[in-house]
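Taking it in order: structure first as structure tokens, then the write-up.
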Amino acid sequence: LVDWAEKIKLNFEDHFWIGGPEGAKKETHPDLVNLTSIYKDSVGSGHKFTDYQLRPNFCIVLAVAPDLVDPGHAWQALETATNRLLGPLGLCTLDSEDWGYRGDYDNSNQGTDPTLAHGA
């Protein structure tokens with residue numbers, strides 16, 4: 001476990017931090033970067049664009065494993081999240097500027113579009 005934890009610590013910033021348009025240090029798709037000063041939501045997703053969506057999941061890392069991140073980057077990411085995700089009732093799960101964002105969820109919608117009803 002110690003080796004695994006050290007490997008994560010050594011690689012987290014390089015794979016997850018998006019500080020500029022060039023993407024992360026270990027970036028495979030800088031063309032998908034549409035927002036900077038964020039931590040990627042995932043690495044190696046089956047739908048590559050989802051790696052670059054602004055979601056609040058990185059806040060969990062900041063809470064439970066703050067030593068994985070650069071403190072300056074953490075503050076920048078929190079500022080981005082505050083400006084783009086924080087609403088009157090809490091944090092949104094996806095940036096409203098994201099192309100995949102759908103603001104109207106209707107659980108009674110029995111259609112086949114999973115972005116509007118029954119989860120994506």
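These numbers come from the heavy atoms of this one structure, side chains and all, not from hydrogens, waters or symmetry mates.
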Might you work through the side-chain contact (heavy atoms from CB on, under 4.5 Å) test for L54 and L85, ending with a clear yes or no? CA-CA 8 Å; L54 173 59; L85 297 178; 3.9 Å; yes
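- Here the shortest heavy-atom pairing between V43 and F16 reads CG2-CZ, 3.5 Å.
- Taking each heavy atom of R55 and D41 in turn, the nearest pair found is CD-OD2, 3.3 Å.
- Heavy atoms from other residues, nucleotides or ligands lying under 6.0 Å from CD of E79 number 12 at most.
- Connection of V61 to I8 is established within a shared hydrophobic cluster, with ILVMFWY side chains joined at heavy-atom distances below 4.5 Å, either directly or through further cluster members.
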Decide yes or no on side-chain contact (heavy atoms from CB on, under 4.5 Å) for K40 and F58, but give the supporting numbers first. CA-CA 8 Å; K40 290 168 67 173; F58 75 91; over 6 Å; no
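- In this structure, the separation between NZ on K26 and NE2 on H15 is 5.5 Å, given to the nearest 0.5 Å.
- Put simply, the side chain of S45 never gets that close to the backbone of S42: no donor and acceptor are under 3.5 Å apart.
- Of all non-hydrogen atoms in G72 and D70, the two that sit nearest each other are N-OD1, 2.8 Å.
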Working for side-chain contact (heavy atoms from CB on, under 4.5 Å), residues R84 and L35: CA-CA 11 Å; R84 309 230 7 188; L35 186 60; 3.0 Å; yes
List the steps and the verdict of side-chain contact (heavy atoms from CB on, under 4.5 Å) for H73 and E13. CA-CA 9 Å; H73 293 167; E13 281 280 327; 2.5 Å; yes
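- With T80 contributing its side chain and S37 its backbone, the two residues share a donor-acceptor pair below 3.5 Å.
- Hydrophobic cluster membership is shared by L91 and I38, with clusters built from Ile, Leu, Val, Met, Phe, Trp and Tyr side chains linked at under 4.5 angstrom.
- Nearest heavy atoms, V69 versus Y39: CB-OH, 3.2 Å.
- T93 contributes atom OG1, which lies 8.0 Å from atom OH of Y101 (distance to the nearest 0.5 angstrom).
- Taking all atoms of both residues into account, the shortest heavy-atom contact from L62 to A74 is CD2-CB, 3.7 Å.
- In this structure, Y52 and H29 have side chains that are in contact, with non-hydrogen atoms separated by less than 4.5 Å.
- In this structure a side-chain-to-backbone donor-acceptor pair under 3.5 Å is present from K9 to D67.
- The side-chain heavy atoms of L86 and P56, taken from C-beta on, include no pair separated by under 4.5 Å.
- Counting only distance, with no hydrogens or angles, the side chain of D51 and the backbone of G44 share a donor-acceptor pair below 3.5 Å.
- Ring centroid separation for the pair W17 and F12 does not come in under the 6.0 Å cut-off.
- When all heavy atoms of D14 and A24 are compared, the closest pair comes out as O-CB, 3.3 Å.
- Here the straight-line distance linking atom CG of D31 with atom NZ of K48 works out to 11.0 Å at 0.5 Å rounding.
- Using a 3.5 Å distance cut-off with no hydrogens or angles, the side chains of D98 and Q53 do pair a donor with an acceptor.
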